Amino acid sequence: MEDTAKIEFAGKTYEIPVIVGTEGEKAIDIQALRQKTGLITYDPGFGNTGSCKSAITFMDGEKGILRYRGIPIEELAEFATFKETSYLLINGKLPNQAELNRFSVLLNDHSLVHEDMQHFYQSFPRASHPMGILSSMVNALRSFYPELQTMEEEINITVTRLLAKVRTMAAMSYKISRGHRVIYPRPDLAYTANFLNMMFDSPVRPYIIDNDVARALEVFWILHADHEQNCSTSAVRVVGSGRVNLYAAISAGISALWGPLHGGANQAVIEMLTQAYEKNIPVRRLVERAKDKKDPFRLMGFGHRVYKAYDPRAKIIKKWCHTLLDKLRISDPLLEIAMELEEIALKDDYFIQKHLYPNVDFYSGIVLRTIGFPTNMFTVLFAIGRLPGWIAQWKESMDDPDWRLSRPRQIYIGSPQYDYIPVEKRD
Ligand code: ACO
């Protein structure tokens with residue numbers, strides 16, 4: 001195996017080291033490139049840039065493979081709980097029974113949120129998007145739970161605090177936005193059931209937990225738990241590289257996730273399907289618009305930076321979509337539109353040639369709305385799911401011997417130097 005690559009530039013040849021990952025993926029290590037050659041690399045959107053070495057998640061976009069710590073996503077979605085998956089991502093291995101019990105106790109003990117935080121919630125205007133609220137509240141946690149003595153304590157306690165409280169905070173924001181009484185976490189309920197109860201229980205209509213509904217949400221969270229160096233995870237790593245506290249880094253991740261090209265796509269898909277349904281827009285028209293270069297419209301829930309095959313998460317969530325609708329005997333016209341859209345798009349040359357397949361967001365919104373979540377909570381649910389991944393990536397970056405402050409370079413294309421002009425002499 002070659003362990004160097006050669007670059008020829010200005011009549012000279014330079015040897016560049018090549019590094020190889022566990023699954024055979026190769027990278028040229030350009031850390032010394034500028035020093036040796038005067039060159040930097042140019043890669044808008046970092047589509048061809050490895051920003052770190054990571055042992056957390058492996059994905060192969062060409063083959064549609066996703067594994068957390070080596071375990072295929074299909075197996076985790078079939079057999080694991082979200083709690084186990086979170087532990088796996090953060091600690092690098094599945095917990096044994098004693099570790100799982102201890103983790104459960106910690107998650108329960110830290111699930112309450114400081115009562116004073118409710119005042120903040122009350123101050124947001126009613127129409128505020130819950131992602132903006134969640135990002136602000138997670139950042140505010142640092143004021144309520146100041147820095148701990150040791151890094152070990154900081155990592156262990158802050159991590160469980162975040163995992164436990166984010167669920168409570170998300171449900172609180174929903175209840176308060178509706179002007180309803182906040183429902184507290186219950187120690188007798190499992191992680192996902194507890195969240196559903198905080199969301200939907202009411203003094204006038206007790207919430208009955210359906211095991212299939214709870215499992216569907218659990219699977220949704222497992223599928224979203226990590227996805228290597230995506231936009232929000234990179235935001236967590238970049239912000240964290242300045243050595244801010246974990247709450248601030250996660251708050252940055254939540255803000256990044258909010259965008260419709262990233263985590264906000266699950267909301268955008270339902271809005272697109274609803275519009276098609278309500279305005280009776282033929283599915284072919286949506287496909288034609290998506291293909292039209294002069295139209296900024298894109299088929300939401302289609303395409304992915306890394307997957308150039310069917311997103312393995314989309315396959316799993318699509319199955320859950322049917323399971324849940326059959327079980328609850330609901331017929332959702334949006335599912336009909338989604339399936340027709342997928343069928344037409346997958347046969348269309350434009351989508352075939354650009355390798356555009358449904359991504360996880362295409363069907364997940366239908367699952368979430370079947371459970372009863374309002375559309376503007378979808379991305380918050382994604383954030384709860386992605387939290388263990390963000391934490392695991394932040395933790396890994398803290399221990400990384402190659403760690404450096406994130407600080408890319410640029411190619412300056414502005415004006416050359418000119419002298420300051422006093423205001424009276426300017427045009
Ligand atoms: N509809 C129509 N055309 C598309 C779509 C789409 N959904 N996605 C990509 N394309 C086209 C682009 O116009 C571009 O065409 P061109 O080469 O002729 O200019 C080509 O496919 C490549 O697209 P890029 O934008 O360069 O691909 P990139 O990797 O930067 O973008 C992204 C990936 C942002 C996900 C894109 O596919 C998209 O906007 N999809 C819709 C939003 C979405 O579903 N986001 C969720 C992603 S998954 C997640 O974050 C959980």
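Quick note: residue numbers are just sequence positions, from 1. Note: hydrogens, waters and symmetry copies are ignored here, and every other heavy atom, side chains too, is used. Since we're looking at a predicted model, the values are computed, not measured.
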- Message: Quick one: does any side-chain atom of K165 pair with a main-chain N or O of H110 as donor and acceptor, under 3.5 Å?
- Response: yes

- Message: What I want to find out is whether E15 reaches K36 closely enough, with some N-O distance under 4.0 Å, to be called a salt bridge.
- Response: no

- Exceeds 12 heavy-atom contacts within 6.0 angstrom, atom CZ of R243: yes

- Message: For the residue pair K279 and Y277, would you count it as a cation-pi contact if the rule is NZ or CZ under 6.0 angstrom from the ring centre and within 45 degrees of the ring axis?
- Response: no

- Task: Measure from NZ or CZ of R289 to the centre of the six-membered ring of F297 and say whether it is under 6.0 Å with the direction within 45° of the ring axis.
- Result: yes

- Any chance CZ of F9 has more than 12 other-residue heavy atoms, nucleotides or ligands included, within less than 6.0 Å? no

- Item | Matching residue for I391 among D226, V236, L163 - test: side-chain contact (heavy atoms from CB on, under 4.5 Å) | L163

- Message: Assess whether a salt bridge exists between R102 and E99, defined as any Lys/Arg side-chain N lying under 4.0 Å from an Asp/Glu carboxylate O.
- Response: no

- Note on the structure: Taken to the nearest 0.5 Å, the spacing of L346 CG from F302 CZ works out to 5.0 Å

- Task: Heavy atoms only: give me the nearest Y174-S177 pair and the separation to one decimal.
- Result: O-OG, 2.7 Å

- Short side-chain to backbone donor-acceptor contact, N91 and K93, under 3.5 Å: no

- Taking the six-membered ring for Trp and the full ring for Phe, Tyr or His, determine whether the centres of H119 and H114 are under 6.0 Å apart. no

- Message: Looking only at side-chain N and O atoms, does Y363 offer a donor or acceptor that is under 3.5 Å from a partner on E342?
- Response: yes

- Message: Against S255, only a single residue in S232, S135, S136 fulfils side chain to side chain donor-acceptor pair (under 3.5 Å); can you say which?
- Response: S135

- Message: Under 3.5 Å, is there a donor on one side chain and an acceptor on the other for T323 and D212?
- Response: no

- Charged N to carboxylate O under 4.0 angstrom, K53 versus D400? no

- Using a strict cut-off of less than 4.0 Å between a Lys/Arg side-chain nitrogen and an Asp/Glu carboxylate oxygen, indicate whether K12 and E8 qualify as a salt bridge. no

- Note on the structure: Correct closest heavy-atom pair for D361 and V269 would be O-CG2, 3.6 Å

- Do you see a donor-acceptor pair shorter than 3.5 Å between the side chains of N359 and R313? no

- Nearest 0.5 Å please: distance from the CZ atom of R69 over to the OG1 atom of T85. 12.5 Å

- Note on the structure: From the list L76, T81, I316, L217, side-chain contact (heavy atoms from CB on, under 4.5 Å) with I222 holds only for L76

- Message: I want to know whether F378 and F373 have ring centres closer than 6.0 Å.
- Response: no

- Task: Please confirm whether R215 makes a cation-pi placement over W320, using NZ or CZ under 6.0 Å from the six-membered ring centre and within 45° of the ring normal.
- Result: no

- Item | Output field: ring centroids F382/W258 closer than 6.0 Å | no

